[in-house]
There are 2 protein chains.
Amino acid sequence: MSKSNNVYKDAFNRCLRMLDESRSLPSEPELGTLLGVSRTTVRSILSRMEETGLIDWNKRSKTVLRAPREEDFFPEEETDSLAEIIERSFMRRLLAGGAEAGMQINELELAREIGVGTTSVREFLIRFSRFGLIEKRRNSHWVLKGFTRAFALELTEIREMFELRSAAAFVALPQESAVWADLDRLEVEHRQLAGEIATRFNEFSELDERLHRLIHRASHNRFIVDFYDVIAMIFHYHYQWNKAEERQRNEVAIQEHLAYIAALKSRDPAKVDAACRKHLKSARQTLLSSIPEGRQAQPA
Amino acid sequence: MSKSNNVYKDAFNRCLRMLDESRSLPSEPELGTLLGVSRTTVRSILSRMEETGLIDWNKRSKTVLRAPREEDFFPEEETDSLAEIIERSFMRRLLAGGAEAGMQINELELAREIGVGTTSVREFLIRFSRFGLIEKRRNSHWVLKGFTRAFALELTEIREMFELRSAAAFVALPQESAVWADLDRLEVEHRQLAGEIATRFNEFSELDERLHRLIHRASHNRFIVDFYDVIAMIFHYHYQWNKAEERQRNEVAIQEHLAYIAALKSRDPAKVDAACRKHLKSARQTLLSSIPEGRQAQPA
DNA sequence: AAAATGTTTTTTCCCGATAAAAGACATTAC
DNA sequence: GTAATGTCTTTTATCGGGAAAAAACATTTT
């Protein structure tokens with residue numbers, strides 16, 4: 001069992017969801033583009049759809065025979081890539097406590113525990129190391145630096161530098177730039193969410209990421225853009241774990257975002273700077289307040 | 001042949017160089033610390049030294065019998081780690097030209113060409129990706145973004161932000177801090193090098209890295225400190241390739257460093273800012289001027 | 001002839017296995 | 001009894017192999 005076919009299963013499920021909308025499917029290359037997979041995978045999907053009586057497939061004609069049923073879908077857990085599985089497992093251990101700074105990370109143990117090969121774990125750790133939470137000892141183990149107060153402060157320091165600069169670059173963008181339309185769209189979505197905050201407050205984090213990524217992209221600097229991956233990862237897992245006051249927090253953040261968006265649209269650098277600082281300050285407070293004081297890094 | 005014993009060979013060579021200095025060797029754990037390897041490796045080294053008649057080894061007593069000869073050393077090329085070998089090969093291809101932006105990178109081909117397994121190449125590419133020169137297409141190949149003018153500009157933009165901030169943090173460090181002694185030592189070495197610049201100009205880059213890393217460390221921010229790895233890598237390979245005007249460039253840089261060091265020692269933030277900006281500006285100019293105009297990134 | 005489908009080749013992803021190196025435990029020397 | 005040496009165990013680094021997925025090539029359809 002050298003490689004799971006999760007790409008196929010995931011694409012199959014996504015393809016099933018497109019099925020009822022139209023009475024026949026497009027060409028193989030077109031489906032490939034739509035699903036983001038190769039034609040080889042598309043053909044596997046079509047084969048199975050034919051076998052299970054979902055479609056009638058004969059060369060160019062791919063007629064939908066029936067609507068997909070619950071049992072046609074592959075189970076969700078079989079559609080995750082190994083990298084996602086490892087990341088989730090690892091982050092759970094990291095945030096579930098008991099993960100003290102200075103602790104050693106054992107590749108073999110991790111691999112056995114998750115039930116995967118060591119190669120995948122190694123590759124994950126190398127990729128993960130750029131987030132600054134772990135560090136490699138040459139020819140030896142990895143060391144956990146821990147999700148500490150110091151980490152949060154260092155992260156937010158960079159974030160603030162980068163976002164202030166990106167926001168300044170944003171307002172300098174010409175009126176014709178597509179970003180203004182993107183910003184308008186985000187503003188509308190923010191207003192909608194603000195109106196239904198009671199029921200949809202958990203949809204905020206996705207909106208949050210989209211707005212900040214849009215702004216960061218204005219820097220036209222790959223290091224700034226890439227750094228948002230660190231922030232996004234931390235927010236993703238951290239807030240998944242820490243749900244305290246989530247609704248209220250998000251309500252405040254939405255209002256800050258709206259003020260921030262208004263400032264950007266005014267194209268007044270001073271206003272942008274102020275709105276940006278205000279939002280980042282409260283974001284930092286939120287992050288810091290959720291880190292238990294006790295969990296400190298050990299002196300090196 | 002699953003793992004080369006380069007750690008042993010490299011440590012063996014380094015141990016040989018320590019041999020003639022004293023007439024007997026310290027304990028195994030001590031040697032391990034000195035050489036940065038485990039006791040297992042130390043014992044392999046001692047075994048071989050005994051076999052080749054270099055020492056007489058009996059438990060605690062390790063008497064040196066003769067001075068090491070040329071043929072006692074392992075060949076230099078056998079002491080490199082696989083990661084180093086792959087990095088060198090890859091960078092040679094990258095800088096040797098013919099590496100246009102947008103080009104695909106083939107793991108298998110690279111592995112075959114260098115004569116290593118695919119796993120090592122994959123791990124190298126993942127590690128290397130944080131430098132912003134390559135990018136992964138999910139489930140597919142890597143794409144070379146190229147060492148372009150845009151890359152150099154993005155890199156220097158961040159470098160300038162980080163270094164200005166670090167330098168500001170540096171002057172705020174208390175007088176008792178060990179960094180001031182480090183700085184004094186660096187100043188002396190700069191003056192020595194300046195005096196013998198005609199013959200030793202190629203030793204500058206090592207000094208350059210030490211000074212900048214010292215300053216960056218004052219930020220106490222892991223992201224800033226780690227970012228210097230990107231700069232160091234670029235400088236290392238780029239200047240290795242581009243030797244034009246090296247001596248003159250380094251002469252100028254040493255003077256800028258001395259002015260920078262003086263500014264830091266004055267603890268006057270305004271002076272530091274000015275000296276730092278001046279040096280970074282000329283460093284950027286040097287980097288930019290060495291990038292051929294023609295080598296531009298393809299539009300995505 | 002452009003674009004689809006059919007077929008074959010190549011590459012990526014991942015595992016298990018193995019030697020090198022690290023680390024842990026047991027024993028001896030001072 | 002502390003710190004070394006001697007021995008055994010575990011972990012890391014790396015390879016080759018094999019299935020999944022992508023990509024390339026050949027053939028057909030419109």
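Note that the structure is a prediction, hence the values are computed from the model and not measured. Residue numbering restarts at 1 for every chain, and letters A, B, ... go by the order of the sequence lines.
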Quiz item: Does the side chain of B:Thr119 get closer than 4.0 angstrom to OP1 or OP2 of D:dC15 through an N or O atom?
Solution: no
Quiz prompt | Presence of A:Asn106 side-chain N/O under 4.0 Å of D:dT12 phosphate oxygens OP1/OP2 | solution = yes
Quiz item: Of all the nucleotides listed (C:dA22, D:dC15, C:dG6), which has the minimum atom distance to the side chain of A:Trp57?
Solution: C:dG6
Self-check item: Short side-chain N/O contact from B:His141 to OP1 or OP2 of C:dT10, under 4.0 Å
Solution: no
Quiz prompt | A:Glu107 vs B:Ser120, nearer the 5' end of DNA chain D by closest nucleotide | solution = A:Glu107
Quiz prompt | Atom pair distance, as rounded to whole Å: CD in B:Glu109 and C1' in C:dT9 | solution = 15 Å
Self-check item: Separation of D:dA13 P from B:Asp10 CG (nearest whole Å)
Solution: 16 Å
Quiz prompt | Under-4.0 Å salt bridge between A:Arg213 and A:Asp229 | solution = yes
Quiz item: Can you name the closest pair of heavy atoms from A:Asn6 and A:Glu78 and give their distance?
Solution: CB-O, 3.4 Å
Quiz prompt | B:Ser27 side chain near D:dA3 phosphate (N/O to OP1/OP2, under 4.0 Å) | solution = no
Quiz item: Would you say the ring centroid of A:Phe74 lies under 6.0 angstrom from that of A:Tyr8?
Solution: yes
Practice problem: Considering non-hydrogen atoms only, spot the tightest contact between B:Glu107 and B:Leu125 and give its length. | Solution: CG-CD1, 3.8 Å
Quiz prompt | B:Arg60 side chain, from C-beta outward: closest of C:dC14, C:dT7, C:dA29 | solution = C:dA29
Quiz prompt | Length of the CG-P vector between B:Asn5 and C:dT18, whole Å | solution = 19 Å
Quiz prompt | Under 4.0 angstrom between B:Lys136 side-chain N/O and C:dC13 OP1 or OP2 | solution = yes
Quiz prompt | Phosphate-side-chain proximity, A:Lys59 and D:dT28, N/O vs OP1/OP2 below 4.0 Å | solution = no
Quiz item: Separation of A:Asn58 atom CG from D:dT29 atom P, in whole Å?
Solution: 11 Å
Quiz item: So does A:Thr118 get a side-chain nitrogen or oxygen closer than 4.0 Å to the phosphate oxygens (OP1/OP2) of D:dT11?
Solution: no
Quiz item: Nearest of C:dA22, D:dT5, C:dT5 to any side-chain atom of A:Glu28?
Solution: C:dT5
Quiz item: A:Glu30 versus A:Thr33: any side-chain heavy-atom pair under 4.5 Å?
Solution: no
Exercise. Report the distance from atom CG of A:Asn6 to atom P of D:dA21, rounded to the nearest whole Å.
Key: 6 Å
Quiz item: Can you name the nearest heavy-atom pair linking A:Asp80 to A:Glu84, along with the distance?
Solution: CA-OE1, 3.3 Å
Quiz item: For the side chain of B:Arg43, counting heavy atoms from C-beta on, which of D:dA22, D:dT11, D:dT5 is nearest?
Solution: D:dT5
Practice problem: Map B:Leu82 and A:Ser2 onto DNA chain D by nearest heavy atom, then report which one ends up closer to the 5' terminus. | Solution: B:Leu82
Quiz item: Which part of the nucleic acid does B:Lys9 contact within heavy-atom distance under 4.0 Å: base, sugar-phosphate only, or nothing?
Solution: nothing
Quiz item: With a 4.0 Å cut-off on heavy atoms, is A:Thr40 in touch with a base, just the backbone sugar-phosphate, or nothing at all?
Solution: base
Exercise. Rounded off to whole Å, could you give me the CZ-to-P distance for the B:Phe12 and C:dA21 pair?
Key: 13 Å
Quiz item: Quick one: A:Ile114 CD1 to C:dC15 P, roughly how many Å, whole number?
Solution: 10 Å
Exercise. Ignoring backbone atoms, test whether B:Asn139 places a side-chain nitrogen or oxygen under 4.0 Å from the OP1 or OP2 oxygen of C:dT12.
Key: no
Quiz prompt | B:Arg39 side-chain proximity, nearest of D:dA21, C:dA21, D:dT5 | solution = D:dT5
Practice problem: Identify, between A:Gly115 and B:Ile105, the residue whose nearest nucleotide on DNA chain C lies closer to the 5' end. | Solution: B:Ile105
Quiz item: If you look at every strand shown and take non-hydrogen atoms under 4.0 Å, does A:Arg137 touch a base, only sugar-phosphate, or nothing?
Solution: nothing
Quiz item: Which comes earlier along DNA chain C counting from the 5' end, the contact point of B:Ser4 or that of A:Ala83, where each point is its nearest nucleotide?
Solution: A:Ala83
Quiz item: Between A:Arg122 and D:dT12, is there a side-chain N or O to OP1/OP2 distance below 4.0 Å?
Solution: no
Practice problem: Return yes if the base of C:dT12 and the side-chain atoms of A:Lys3 contain a donor-acceptor N/O pair under 3.5 Å, otherwise no. | Solution: yes
Quiz item: Given D:dT11, is OP1 or OP2 found less than 4.0 Å from the side-chain N or O atoms of A:Arg112?
Solution: yes
Exercise. Please state how far atom CZ in B:Arg138 lies from atom P in D:dA20, giving the value in whole angstrom units.
Key: 17 Å
Self-check item: Polar side chain donor-acceptor pair, B:Glu209 to B:Tyr228, under 3.5 angstrom
Solution: no
